Each structure stands twice: as structure tokens, then as C-alpha cells.
4 protein chains.
Amino acid sequence: MPRPPGHGPGFEVRRQKIIDTAASLFAQQGYAATSINDLGRAVGLAKGALYYYIGSKENLLIEIQSRVLGPLLARAKEIAALDEVPLLRLRLLSESLLTIIFRRLDHIWVYEHDYRSLSGKELEIVLRQRSDFEHLITGLLTEAVEEGTFRAVEPHLATLQFLNLHNHTYQWVRPDGSWDAAFLSGEYCSTLFRGFAANVGELPDVEALAAEFKRARPELPLDPEALWESVSVAS
Amino acid sequence: MPRPPGHGPGFEVRRQKIIDTAASLFAQQGYAATSINDLGRAVGLAKGALYYYIGSKENLLIEIQSRVLGPLLARAKEIAALDEVPLLRLRLLSESLLTIIFRRLDHIWVYEHDYRSLSGKELEIVLRQRSDFEHLITGLLTEAVEEGTFRAVEPHLATLQFLNLHNHTYQWVRPDGSWDAAFLSGEYCSTLFRGFAANVGELPDVEALAAEFKRARPELPLDPEALWESVSVAS
Amino acid sequence: MPRPPGHGPGFEVRRQKIIDTAASLFAQQGYAATSINDLGRAVGLAKGALYYYIGSKENLLIEIQSRVLGPLLARAKEIAALDEVPLLRLRLLSESLLTIIFRRLDHIWVYEHDYRSLSGKELEIVLRQRSDFEHLITGLLTEAVEEGTFRAVEPHLATLQFLNLHNHTYQWVRPDGSWDAAFLSGEYCSTLFRGFAANVGELPDVEALAAEFKRARPELPLDPEALWESVSVAS
Amino acid sequence: MPRPPGHGPGFEVRRQKIIDTAASLFAQQGYAATSINDLGRAVGLAKGALYYYIGSKENLLIEIQSRVLGPLLARAKEIAALDEVPLLRLRLLSESLLTIIFRRLDHIWVYEHDYRSLSGKELEIVLRQRSDFEHLITGLLTEAVEEGTFRAVEPHLATLQFLNLHNHTYQWVRPDGSWDAAFLSGEYCSTLFRGFAANVGELPDVEALAAEFKRARPELPLDPEALWESVSVAS
DNA sequence: TATGAATGAGACTTCATTCAT
DNA sequence: AATGAATGAAGTCTCATTCAT
């Protein structure tokens with residue numbers, strides 16, 4: 001959502017910093033409870049100048065949502081399309097999701113908490129993207145059932161369990177704590193895969209596969225840092 | 001936070017109805033986005049009269065929080081104290097939690113979403129109660145590990161998985177859908193217990209135990225209706 | 001446009017006074033240049049209370065427009081339907097229009113000046129009503145041409161001349177000056193009727209007819225006071 | 001209000017174009033409702049540069065007013081001083097006025113609508129010029145009465161009728177419609193002259209006189225184009 | 001018990017204007 | 001000659017709360 005033409009080189013940089021600050025404030029106090037004045041104070045800019053950068057308060061919310069959903073969906077699609085067993089792809093997708101949660105906890109707070117503050121059209125877009133993400137997971141789970149790795153769990157309900165487990169993490173996680181995204185992903189997947197398994201003894205060693213994959217394909221979609229940066233600055 | 005003495009008999013009844021309505025509105029639009037005017041319109045009372053009943057807007061939030069946490073904690077303590085195997089107690093606790101979620105989805109929305117709108121002291125109380133609830137679960141999970149039913153999962157992390165799975169349910173559940181609390185509890189516990197099991201083949205048949213328990217002890221803590229009503233009206 | 005139910009008896013009275021004051025301020029400074037604060041100061045009410053009465057600033061404009069157009073159109077329809085010669089009806093209509101202009105010069109200023117500040121739907125309504133008014137005049141002028149009293153003037157252009165002459169009056173008229181609506185109407189009609197006449201010598205003595213009509217039918221549509229009051233207070 | 005000396009040759013040209021654009025925008029949306037940003041977008045100039053040319057927003061209004069009043073008054077004085085019968089001079093003046101209205105409808109809208117947005121001193125100047133214009137007309141009408149062509153109409157009231165008829169035209173006229181300034185002038189003057197005539201049968205054939213005058217003196221004050229251009233660019 | 005009326009702070013946003021570069 | 005950036009006042013409107021009746 002680039003601003004009208006005719007902006008200096010510093011514009012976009014500063015704009016991104018303002019959105020960063022907004023995400024942080026919204027995460028702490030909530031979108032509705034954060035005033036434009038608060039934001040202005042936090043970034044050291046008068047209200048007028050603020051609007052020069054942001055357009056509107058709701059715009060900030062939109063930007064934050066797309067900062068989360070953009071990289072997430074892009075990454076998820078890449079992973080889902082890999083030529084690997086479904087469990088590995090689920091494991092990679094889990095780690096990507098948790099990585100973003102760890103990396104931008106404030107964005108995730110806003111994403112999870114305040115998406116309903118969006119107005120009609122923007123809300124639709126966000127909801128559709130969320131739905132797209134869900135369907136990718138459902139697809140992978142269905143594959144795992146069909147190939148016999150998982151017992152006959154209902155794919156939709158299994159998807160919801162996958163999402164519950166991951167998406168609620170933002171409520172308590174501390175990015176600087178002793179657990180990181182890779183570890184948590186291993187734990188979550190361990191629980192889910194055993195829980196869904198047709199036969200626990202026959203489950204592939206997903207952690208080994210994931211380690212191998214990361215070693216063999218270090219460039220690709222496994223470092224969320226690069227993707228996040230690229231998307232958020234360009235958005 | 002009951003009103004000073006000297007109120008007619010209808011006072012408390014009407015007050016509870018107002019809180020019900022408030023919970024519904026807050027759940028739909030969010031606490032911050034719901035005005036006292038909205039509430040007045042919804043209950044058919046002018047603002048002056050409304051304040052006679054509610055004291056303040058934040059008061060409503062406090063009431064709603066305690067309506068959820070009161071019965072939940074009371075129930076959970078009863079269940080944790082039962083003389084049954086840990087897995088059955090976890091299963092009963094799971095169903096209680098989900099039952100409340102199904103029964104009072106609007107309260108849960110507010111509970112999950114807007115607890116951070118509380119001011120210092122009230123927030124502390126809520127957070128402590130939440131922590132108490134967590135510890136009950138951690139205790140049961142620890143028991144299951146110690147008796148060898150579960151493998152050596154880290155109890156705290158296992159607790160968080162249990163809570164993630166249950167607490168995020170409010171985001172998508174439809175109380176009038178095809179799934180009920182008992183079914184969902186069975187599914188969640190199936191996933192978690194298999195996921196945590198030391199040996200899946202040796203897991204007790206928790207569903208059978210739960211059915212037997214409900215048959216043998218129909219009166220006590222398994223019908224959340226009675227408890228909810230008693231607590232919410234008296235609170 | 002009555003306010004939501006549940007207002008005391010003084011509400012409507014005060015509301016009308018506020019609209020009066022608004023019309024006066026808008027007439028002096030223009031709609032866009034008059035702030036709600038100005039209005040609040042003028043009526044001695046804080047902003048909050050003001051909005052309790054007015055709903056929105058644009059609402060004031062709508063009310064003022066309808067205060068003018070309501071009585072005007074009602075009166076004009078009555079007059080056009082009278083069983084009198086076209087020239088008398090035109091003369092009566094002229095006097096009604098000028099009477100309203102004299103009586104509520106501030107409303108007319110707003111009506112003529114700021115109708116374009118209305119938003120889409122409300123603007124449409126006003127424009128349609130204006131158009132209805134025009135068509136009544138066109139009808140009467142056409143009658144006068146067809147019966148041979150007027151020469152073959154183009155009715156549309158004749159209508160526009162009638163309206164130009166009357167509607168621009170608000171720009172300079174002083175209600176407390178030496179001319180009143182009846183006099184000015186006589187002058188305007190004298191100019192127009194002679195100007196349009198097929199044969200000036202054969203024109204009826206419209207002033208005599210008007211005097212006779214007022215004497216014979218004093219109750220009906222010739223005293224704008226009553227109509228104005230009734231409409232404006234009830235609106 | 002020319003800028004301080006030391007401007008390049010293109011300065012004045014560009015400045016005039018900006019005022020043109022401003023007149024167009026003010027006419028469409030009103031002076032108060034048009035922002036400097038709107039103007040900047042319309043002329044393709046950033047705000048800083050805009051201020052280099054315009055000085056202030058009110059300045060634009062002043063320029064537009066004087067663009068209308070300058071040529072109008074100059075022309076009117078020339079015409080009033082002609083050695084022709086009063087009715088011809090009135091007819092020529094009418095056509096000049098309507099020609100300007102047709103030619104620069106947007107300027108006229110601003111002129112008629114927003115002159116009250118001027119501050120004290122500038123407003124005075126405009127009002128005096130308007131008054132000067134009126135007096136020229138009053139003079140001609142008085143002549144016509146004194147020479148017996150017109151009946152004993154009150155010159156001031158007759159002037160106001162003349163002005164009402166002409167000045168309200170901007171409200172509905174379409175410059176690209178089927179009527180042009182000459183035609184409309186003929187119609188208006190026909191109505192007024194017959195309306196004011198002492199004896200309609202003895203009125204001179206003003207249309208013939210006007211045609212003759214235009215043929216005999218094509219160079220002078222009858223083509224408003226030249227005058228407009230000269231005045232507006234030099235102002 | 002209940003109401004309508006009033007308040008004043010504060011919300012989001014726009015805008016004319018200035019100025020360093 | 002021109003720009004992008006910044007300001008601060010002011011604008012419209014909402015809202016939790018209070019209070020006389």
C-alpha cells in the first residue's frame with residue numbers, strides 16, 4: 001500500500017518504523033485503546049506529520065495484518081509445494097509459523113487480537129487469507145491420512161487442533177526465553193503426530209528429516225528472517 | 001462488587017441480566033468498541049438507570065471475568081481432588097472447560113480478549129486465578145508422568161499444550177454446530193494422551209472410564225449448568 | 001427527522017431553537033465556516049449536549065433545507081390547485097415565496113448557498129423538491145400562454161426568469177426595510193406580466209384580484225406565518 | 001498582488017494558470033471545501049511550490065474576485081459612456097455581463113458564492129466595486145425613465161430587478177447549452193423593457209439597434225474575450 | 001428506580017502554512 | 001523554482017460519567 005508518488009528516500013524507512021512502533025503499542029494496550037497521540041509521542045512526531053505517513057489509523061492495522069499474513073502465506077505455499085513427505089512439510093510449516101510468532105510477537109498480538117476491528121472489505125481479505133492458510137494445513141493432514149501414516153482423523157478437526165496448538169502460543173511465549181521456535185515446533189509436532197498416528201512405531205523420524213532438510217537446502221524457505229524483512233519493507 | 005444494601009428483590013436479577021447482555025455485546029464488538037449507550041439500548045434502560053445497576057463499565061468486565069473464573073476454578077478443584085486416575089481427571093477437567101466455553105461463548109470471548117483492559121489490581125486477581133488453574137493441570141500431568149503413563153514430557157510445556165488446545169477453541173467453535181463439548185473433549189484428550197503416552201497400547205480406555213464416571217456420579221461436578229447458574233447469579 | 005424515542009417535553013423546543021441559531025450562524029458565516037463550537041457558544045451548550053440535540057452538523061443543514069422547502073412546496077401546491085386565473089395564482093405564489101424569504105432570511109441564505117454541502121442522498125431529495133417547485137411555475141406560465149394572456153414565451157425560459165427575479169432577492173433584501181413581501185411581489189409580477197403579456201392593455205388587474213382573494217379567503221394559504229410555524233416545529 | 005520583483009518570465013503565466021485551476025475547483029466544491037492539497041494535485045505542484053506562486057489561499061479568492069470585477073467594471077463604464085439611447089446601452093451592458101458569466105462560469109460561481117469569505121479590507125473593496133456597477137445601471141434606468149421611455153418605476157428597485165435577473169443566471173446556465181449570451185440578453189431585456197415600458201408600442205427595436213451597433217463598432221467593447229484575457233493576465 | 005439532560009475530555013482527522021534543502 | 005517534511009490549531013464527533021428530578 002505505497003503512499004502517493006513524490007516521496008523522498010527516507011519516507012518508506014520512517015514509515016516502516018512508525019508501523020513497527022504502532023505494532024508494539026497496539027500489542028501492549030490493544031488497538032482501540034491506543035490513540036494516535038500515543039503513537040505520535042512514541043515516535044516523536046506531531047499528529048500532522050504522523051498522518052503524512054500513515055494515512056489513517058485503520059491503515060496501520062491493515063499493514064500489520066499483511067505483514068503477518070504476507071510472509072506466512074508465501075512461506076506456507078512454498079513449503080506445501082515441496083516434494084517431501086507430508087509430515088516433514090507439516091513440521092516445516094509449524095516451524096515457520098512459530099518462527100514468525102517468535103520474531104514478531106507484537107505483530108502477532110495485533111493479528112490475533114484486533115483483526116475484527118477492520119472494516120468490511122479489509123476484514124474479508126484477511127479472513128480469506130486466514131482461510132487459505134488453513135486449507136494448506138488441511139491438505140497436508142489429508143495426505144498423511146490417505147497414505148496411512150495417520151489414523152482416520154477428521155481432517156478439519158485435526159487442522160483446528162494444529163492451529164489451536166500453534167496460534168495460542170503468542171499468549172504466553174517469551175521470545176527471549178529458553179525455548180526457541182525450532183524446539184517448540186518439535187514438541188508440538190511430536191504431540192500431534194503421535195496423537196494422530198495410525199501406528200506410533202512406524203512414524204518417520206521427522207526431526208531427523210527436518211535436520212537433513214535444513215542442511216541440504218539452507219537457502220530456501222527455512223530462514224524466516226530474510227522473508228520477513230523483504231516483505232515488510234516492501235509492503 | 002455488590003451494590004450497597006437497601007435494594008429491592010429484583011435488583012440482583014436485573015443486574016445479572018444486564019451483565020449477560022454486556023457480555024454478549026462485548027463479545028461481538030469488543031469491550032472498547034461497545035459503548036454504554038449500546039448497552040442501554042440493548043437492555044432497554046436509560047443511561048442513568050444503567051449506572052444504578054452497573055457502577056462502571058470496567059465493573060462489567062470484572063464481573064464477566066469472575067463469572068468465568070469462579071465456576072471454572074471451583075469445578076477444577078473438585079475434579080482434581082477426585083480419587084480417580086490422572087487421565088480420567090484430566091478428561092473430566094477438559095470437558096468441564098469446554099462445556100463452559102460452549103455454554104458461554106460470549107463470556108469466554110471477553111475473558112480471553114479483554115482481560116488486559118482491566119486496571120492493575122483487578123488484573124492481578126484474574127492473573128492469579130488463571131495461574132491457579134494452570135497449576136491444577138500441571139499437577140495432573142505430573143502425576144501421569146510419575147506413574148509412567150506418560151513419557152517424560154516437561155510438565156510445564158505439556159500444560160501449555162493442553163491449554164493452547166482448549167483455550168483457542170473459542171475462536172472458531174459454534175455452540176450450535178455438530179460437535180459438542182463431550183465430543184471435542186474426547187478428541188482433544190485422545191490427541192494429547194496418545195501424544196504424551198509412554199506406550200499408546202497401554203493407555204487406559206479413558207472414554208469408557210468417563211462414561212462410567214458420569215453414570216455412577218451423575219449428581220456432582222459433571223453438569224456445568226447447575227454450577228454456572230449458581231455461581232453467576234450469586235457472584 | 002425526530003430523535004430516538006424517550007425525550008422530555010422540552011427537547012423538541014430546545015432542538016428547534018438550536019436549529020434557529022444554526023441557521024443564523026450559517027447565514028452569517030457560511031456552513032463550512034461555522035464550527036460546532038461556534039454554535040455551542042451561541043446556544044450556551046457544551047459540545048456533548050449539542051450533539052445530543054442535533055445528531056450531526058449535516059443534519060442541521062438538512063433540517064434547514066426542509067424547513068424552507070417543506071412549507072414552500074406545500075403552499076405552492078395549494079396555490080397551483082386553486083380555481084383561479086393563472087396570473088392570480090402566479091401572483092399568490094410569488095408573494096408566498098417572498099414572504100418566506102422575508103420571514104426567514106437566514107434560512108434562505110443557507111438554502112441558497114450551502115445546499116451543495118449536502119451528501120449524495122440528501123442532495124438528491126433537495127434537488128428533486130426544487131425541481132418540483134419549478135415545474136409548478138412552468139405549469140402556470142404554460143397555462144397563461146395557452147389561454148392567450150401571455151405571448152409565446154418559452155415556458156422553461158420564462159420560469160427561469162421568474163425564479164431569477166425572486167430567488168436572488170435574498171442577496172440584498174432587508175426584512176425591516178421599507179418594502180414588504182406583498183409590495184415586492186406586486187412589483188415583480190408587474191414587470192414579468194407586462195414583459196410576457198401578449199397585449200398589455202388586456203392584462204387583468206392582478207393586484208385587484210389578489211386583494212379580493214385575500215379578503216374572501218383570509219384563512220387559506222396566504223398567511224405564511226401559520227404554515228411556517230406548524231411545519232418548522234413539527235419537522 | 002504581484003510577487004516581489006525578480007521572477008523569471010514564466011512566473012506570471014504559471015501563476016495565472018494556477019488561479020484558473022483554483023477558480024475551477026472552488027466553483028465545483030466551494031472555497032472552504034477545497035484544500036491547498038487539492039489544488040496542488042490539480043496543477044501538479046507540491047505545496048511548497050504552490051505557495052511560492054499564490055502567497056496564500058485567500059489571495060486566490062481576491063484574485064478571482066478582481067478577475068471578474070475588473071473587466072466587468074471597465075466594460076460597463078465604457079458602455080455607459082457611449083453616445084447611444086439608454087435602452088441600447090442597457091442591452092449592451094446586459095450582454096457583456098452575460099458574456100462574462102458564460103465565459104467564466106467558474107469564476108462567477110466563486111464571485112457570487114464566496115465573496116463573504118474575504119476578510120475585512122478586501123471585502124470592502126469588492127463591495128464598493130459591486131456598488132459602482134449597480135450605480136451605472138441605476139443611472140441608465142433613470143435616464144430611460146426621465147426621457148419617458150419607461151414608466152415611473154423606482155430606479156433602485158428597477159436596478160435590483162435587472163441584477164436579480166442577470167446575476168442569478170449562473171445558478172443554472174450551461175455554457176455549452178443551446179442558449180448563448182446574446183440570446184439570453186435579448187430575452188431578459190425584452191422582458192424588462194416591456195415590463196418597465198411607459199408604452200410598449202413605442203419601444204425602440206433594441207435588437208435591431210444592437211445588431212447595428214455590433215456591425216458598426218466591431219472593434220470595441222463588445223467582444224469580451226479580448227478584454228477578459230488582457231485584464232486577467234495582467235492583474 | 002428511572003430518566004433525560006449535560007459535561008468535558010479525548011478520539012480521529014484535515015488543513016493552511018512554513019522551512020531546510 | 002521546487003520539494004518533501006513537519007507543525008499545531010482546529011474541526012467533527014463519541015463517550016463514560018454525573019445529577020436534578
Side-chain angles (χ1 to χ4, degrees), chain A residues 3-11 14-15 32-40 44-60, chain B residues 3 6-8 10-11 14 32-40 44-60, chain C residues 3-11 14-15 32-40 44-60, chain D residues 3 6-8 10-11 14 32-40 44-60:
Chain A
R3 299 280 87 206
H7 284 303
F11 178 87
R14 184 141 204 188
R15 184 160 176 270
T34 303
S35 81
I36 288 292
N37 261 345
D38 293 342
L39 181 55
L45 230 34
K47 267 184 296 191
L50 214 50
Y51 272 86
Y52 176 66
Y53 288 105
I54 67 174
S56 76
K57 191 185 178 189
E58 191 182 6
N59 224 10
L60 289 170
Chain B
R3 297 271 92 201
H7 286 306
F11 178 86
R14 185 140 205 189
T34 302
S35 78
I36 289 292
N37 250 351
D38 293 341
L39 181 56
L45 229 38
K47 272 190 286 198
L50 216 52
Y51 269 84
Y52 175 70
Y53 288 106
I54 68 174
S56 79
K57 193 186 177 188
E58 190 182 5
N59 226 11
L60 289 169
Chain C
R3 299 278 89 207
H7 283 304
F11 178 87
R14 183 141 205 189
R15 185 160 175 268
T34 303
S35 81
I36 288 292
N37 262 344
D38 293 342
L39 182 54
L45 229 33
K47 266 184 296 189
L50 214 51
Y51 271 87
Y52 176 67
Y53 288 104
I54 68 174
S56 76
K57 191 185 177 189
E58 191 182 4
N59 224 11
L60 288 169
Chain D
R3 298 272 90 201
H7 286 304
F11 178 87
R14 185 141 204 190
T34 302
S35 78
I36 289 291
N37 249 352
D38 293 341
L39 181 56
L45 228 39
K47 272 189 286 196
L50 216 52
Y51 270 84
Y52 175 70
Y53 288 106
I54 67 174
S56 78
K57 192 185 177 189
E58 190 182 6
N59 226 12
L60 289 169

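Keep in mind that this is a model prediction, so the values were computed, not measured. Reminder, nothing fancy here: chain letters follow the sequence lines and each chain counts from 1.
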Counting primed atoms, P, OP1 and OP2 as sugar-phosphate and everything else as base, the B/S/- map of nucleotides 14-21 of chain E against protein heavy atoms under 4.0 Å is BBSBBB--
Whole Å only: how far is the [atom1] atom of [X] from the [atom2] atom of [N]?
{"X": "B:Y53", "N": "F:dA16", "atom1": "OH", "atom2": "C1'", "value": "20 Å"}
{"X": "A:N59", "N": "E:dC12", "atom1": "CG", "atom2": "P", "value": "14 Å"}
{"X": "C:L39", "N": "F:dA10", "atom1": "CG", "atom2": "P", "value": "18 Å"}

Looking only at heavy atoms, what is the nearest atom pair of D:R14 and D:Y53, with distance?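 It is CD-OH, 3.6 Å.
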Minimum heavy-atom distance between B:K47 and B:I36, given as atom pair plus value: CG-CG2, 4.0 Å
Ignoring backbone atoms, test whether [X] places a side-chain nitrogen or oxygen under 4.0 Å from the OP1 or OP2 oxygen of [N].
{"X": "D:Y52", "N": "F:dA1", "result": "yes"}
{"X": "D:R14", "N": "F:dA1", "result": "no"}
{"X": "C:R15", "N": "E:dA5", "result": "no"}

Which of the following nucleotides, F:dT7, E:dG4, F:dA5, is nearest to the side chain of A:A46? F:dT7
Applying the Watson-Crick and G-U criteria (both distances under 3.5 angstrom) with [ ] for crossing and | for other-strand pairs, one obtains for DNA chain E .||||||||||||||||||||
Report yes if the side chains of D:L50 and D:L45 come closer than 4.5 Å at any heavy-atom pair, otherwise no.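 Heavy-atom side-chain distance check passes, below 4.5 Å.
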Touch check for B:L50, heavy atoms < 4.0 angstrom, all strands: base, sugar-phosphate only, or nothing? nothing
Nearest 0.5 angstrom please: B:K57 NZ to B:L39 CG, how far?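 Answer rounded to 0.5 Å: 9.5 Å.
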